[in-house]
Chemist: 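Can you keep this structure in mind? I'll have questions shortly.
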Amino acid sequence: MWKFIVRRLIITFPQLVVLSVLVFLAAQFMPGDALTGSIGNPNITAEQLEQRREALGLNDPWYVRYGDWVSGVVQGDLGESYRFKMPVTELIGQRIVNSFWLSVVTLIFTYIIAVPLGILSGRYNDSLLDQSITGYTYVGFATPLFIFALVMLWIFGYQFGWFPTNGSVEPGLTPGTFDYVLSKLYHLILPGISMALIATVNTVQYLRSEIIDTKQRDFIITARAKGAPESRVYNRHILRNSLLPIAAFFGFEITGLIGGTIFVETIFSYPGMGQLFLESVTLRDFSTLVSVVLLFGVTAIGGALLSDIILSLVDPRIRIK
Amino acid sequence: METNNVNMDDQKQDATKSPSGFSIIWREFIKDKVALISLIFLVILTTLVYGVSLFLNQEEIVRVDLFAIHEPPSEEFILGTDYGGRDVFGQLIIGTRNSLSIGILVTLATGIIGVVYGVVAGYFGGQIDNVLMRILDFFLILPMIMTVIVFVTLVPDYGVITFSFIMTMFLWMGIARLIRSRALQEKELDYIQASKTLGSSHTKIIFTQLLPNITSLIVVTMTLNLAANIGLESGLSFLGFGFPESTPSLGTLLSYARNPQTLEFRWWIWLPAAILIFVLMLAVRNVGEALKRAADARQRRG
C-alpha cells in the first residue's frame with residue numbers, strides 16, 4: 001500500500017517541476033512587465049525605470065530569476081505583487097479562503113443532489129423517474145456551466161431577487177459575528193448550487209450504471225435467496241459496493257472544480273482565486289499570476305493523486321500494477 | 001428517403017450482403033426522432049447562417065452607432081442593439097457562423113493531430129508509445145483553460161487564426177488517447193496479424209485496414225468534440241480571452257452580460273446567444289449520440 005503511494009508521489013514531483021518551469025516561462029514572455037505602466041509617467045525618466053528594473057532583477061536571464069523564485073517559493077515567499085502593492089502570499093491568503101468555502105459548498109451540494117438521484121435512478125431503472133433523471137443528466141452534460149450560472153444569476157439573483165448578486169459578504173459586517181457567517185453562507189448558495197447542478201451529472205450517471213451493474217451480481221442473488229429484505233439488500237449490499245468508486249472520484253471532482261471557479265467567480269463577482277487569476281492576467285501581474293496558476297496546478301495534481309490513492313484503497317487490483 | 005427504401009428492399013432480397021454504413025446510420029436516425037430533428041435543425045441553421053452572412057457585412061454590423069445605443073428590440077432592430085449601437089441580430093448570425101467555423105476548424109485540427117498521434121503510438125507500441133505517452137501526460141497536467149488564457153495574452157498579433165491554433169495546441173490529447181487505446185487493441189486482432197504475416201507494409205496496414213476499422217470511433221469522437229469546442233470557445237470569449245469584439249461570436253455577445261446592467265435589464269443582447277449555444281450544443285450532441293449507437297451494433301435502435 002505505502003509502496004504504491006510513495007511511487008505515485010515520486011511521479012508527481014517531476015510534474016510539479018515541469019508545470020512551474022512552463023508557467024514561469026510563459027509569464028516571462030508576456031508582453032510588458034510590472035513597470036510598463038510607469039512608462040510615460042512624467043515623474044519617472046527612462047533611466048530611473050531601467051534602474052528599477054535592474055534592482056528588481058528583471059534584467060537577469062530567466063533561469064536566474066527562476067532559481068530566485070523557486071528558492072522563495074520553497075520558503076513560503078511568493079514574491080511581491082506590484083499591482084496590488086502587497087505580498088502575493090497575503091493576497092492569495094485573502095482569496096483562497098473564499099474559493100475554499102465555495103468549493104466546499106459546491107461539493108456538499110453535488111453529493112446531496114447526486115447520491116439520491118443516482119440511487120433512485122439505478123434502483124428503479126427504466127421507470128419514468130429514471131428516465132427523467134437520465135434526461136436531466138443528458139441535458140446537464142450538454143449545458144456549458146457559464147451559461148447555466150449566468151441564467152441562474154439572472155433569474156434568482158436579479159428577476160426574483162432571492163440571492164445576492166455579487167461579492168462574498170455583505171459590506172459593513174464585522175468578521176467573526178454570527179451575521180457575518182450567515183451573510184457569507186447566503187452569498188455562497190447560488191454560485192455553489194449552480195456549479196453543483198452541472199457537476200453532479202457525471203456522478204449520477206456513474207452511480208446509476210454502477211448500481212444497475214451490481215444488482216445483477218451473484219452475491220445479490222444470494223442475499224435475496226437467503227431472504228434478506230429489499231431495503232437491506234440495497235442499503236447493505238448494493239450501496240456499499242457502488243458507493244466506493246464514487247468516493248474515489250472525489251479527487252477528480254476537485255480537479256474539475258478549478259475550471260468552473262474561473263467562470264462562476266467571474267459571473268457572481270465572487271472574490272476568489274479564479275477571479276484573482278483573471279485580474280492578474282489582465283493587469284500583467286506576473287508574480288501573482290505565476291503563483292495562482294501554480295496553486296491551481298498543484299490542486300489539480302493533488303486531486304488526481306487523492307483519487308488514485310482512494311482508488312487503490314478500494315480496488316486492490318490497481319495496486320499490483 | 002425513397003432511394004433508401006429501395007436500398008432496404010434490396011437488402012431483404014439479398015440477405016448475405018451486410019448493410020452499408022450509411023444505411024445503418026440512416027436507420028438509426030429514423031428510429032431516434034430527437035436525433036433526426038437535431039440533424040435537420042443543424043443543417044437548416046448552418047445553411048441559414050452561412051447563407052445569410054454572405055449578404056451581411058461584418059464591418060457594417062460591428063460599426064459603432066452612437067445614436068442607437070441599447071435600443072430594445074423594435075422593427076428596425078429585431079433583437080435591439082448593444083452598448084455600441086450595433087445590431088444584435090446581425091451579430092448573432094455572424095457570431096453563430098464564426099463560432100461554428102472555429103468549432104469545426106479546431107475539431108478537425110485536433111482530430112487530425114489526435115488520430116495521427118494515437119495511431120502511431122498505438123500501432124507501433126513499445127518505445128515509441130512510451131515516449132509519446134510521456135509527452136501526452138505532460139500536456140494533460142496543464143490546467144487547460146488557464147493555459148489557453150495565458151497563451152492568448154502572450155501572443156503578440158492576436159487574431160482568429162492564432163486563437164484556433166492555441167486551442168488546438170491544448171485540446172488534442174483526449175482524442176489521441178482514445179485512438180491509441182483502440183489501435184492497441186485493434187493491432188492484436190487476427191486481420192492485422194494476418195496482414196503482417198503476409199508481408200504487407202505498415203503504411204498499407206494502417207491506411208487500408210486499421211483506419212477503416214476505427215473510422216466510426218473517430219467520427220463519433222469528433223462530433224462530440226465539436227459540441228465541447230463550441231462551448232469552450234464561447235466560454236473563453238465570454239471571459240474576454242477568445243474572439244475580439246470586432247469579430248462577433250456567440251461568446252462575445254454573452255460577454256456583454258458581464259456588465260450587471262446588461263444582465264439585468266437588457267436580456268435581448270445576451271439571452272438569444274445563450275439559448276442558441278445551448279440548443280446548438282444539445283443538437284450536436286444528439287447527433288453524436290445517434291452516431292455512437294449506430295457504430296456499436298449492441299446499442300443500435302434501428
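Naming: A, B, ... by sequence-line order, numbering from 1 per chain. Note that the structure is predicted; figures quoted are calculated from it, not measured. Heavy-atom basis, side chains included; hydrogens, waters and symmetry copies ignored.
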Chemist: Is the closest basic N to carboxylate O distance between A:E279 and A:R95 below 4.0 Å?
Modeler: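 Salt bridge: yes.
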Chemist: Report which part of B:F241 has an atom under 4.5 Å of a heavy atom belonging to chain A: side chain, backbone, both, or neither.
Modeler: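 When you check distances to chain A, only side chain atoms of B:F241 fall under 4.5 Å.
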Chemist: Could you go through residues 137-152 of chain A and list every donor-acceptor pair under 3.5 Å that involves a side-chain atom there, pairing it with any protein atom two or more places apart or in another chain?
Modeler:
| unit_1 | atom_1 | unit_2 | atom_2 | d |
| --- | --- | --- | --- | --- |
| A:T137 | OG1 | A:T134 | O | 2.7 |
| A:Y138 | OH | B:N286 | OD1 | 2.6 |
| A:T143 | OG1 | A:V139 | O | 2.7 |

Chemist: If you measure from the Lys or Arg side-chain nitrogens to the Asp or Glu carboxylate oxygens, is any gap between B:R293 and B:E289 under 4.0 Å?
Modeler: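 Here B:R293 does not pair with B:E289 in a salt bridge, since their nearest N and O are not under 4.0 Å apart.
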Chemist: Is B:L239 in contact with chain A via its backbone, its side chain, both, or neither, using a 4.5 Å heavy-atom distance?
Modeler: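 The side chain, not the backbone.
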Chemist: Give me the one residue out of B:T221, B:N229, B:T223 that meets side chain to side chain donor-acceptor pair (under 3.5 Å) with B:T107.
Modeler: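 When side chain to side chain donor-acceptor pair (under 3.5 Å) is applied between B:T107 and each of B:T221, B:N229, B:T223, only B:N229 qualifies.
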Chemist: Is B:A274 in contact with chain A via its backbone, its side chain, both, or neither, using a 4.5 Å heavy-atom distance?
Modeler: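 Both the backbone and the side chain of B:A274 come within 4.5 Å of chain A.
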Chemist: Drop me the distance from A:L294's CG to A:I301's CD1, to the nearest 0.5 angstrom.
Modeler: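 Between A:L294 CG and A:I301 CD1, I get 8.5 Å after rounding to 0.5 Å.
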Chemist: Is it the side chain or the backbone of B:L271 that comes within 4.5 Å of chain A heavy atoms, both, or neither?
Modeler: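 Side chain only.
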Chemist: I need the residue from B:I145, B:L263, B:L224 with the largest number of non-hydrogen atom pairs under 4.5 Å to chain A.
Modeler: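 Of B:I145, B:L263, B:L224, B:L263 has the most heavy-atom pairs under 4.5 Å with chain A.
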Chemist: Measuring heavy-atom distances to chain A, does B:L282 have an atom under 4.5 Å in its side chain, in its backbone, in both, or in neither?
Modeler: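 Contact with chain A: backbone and side chain both.
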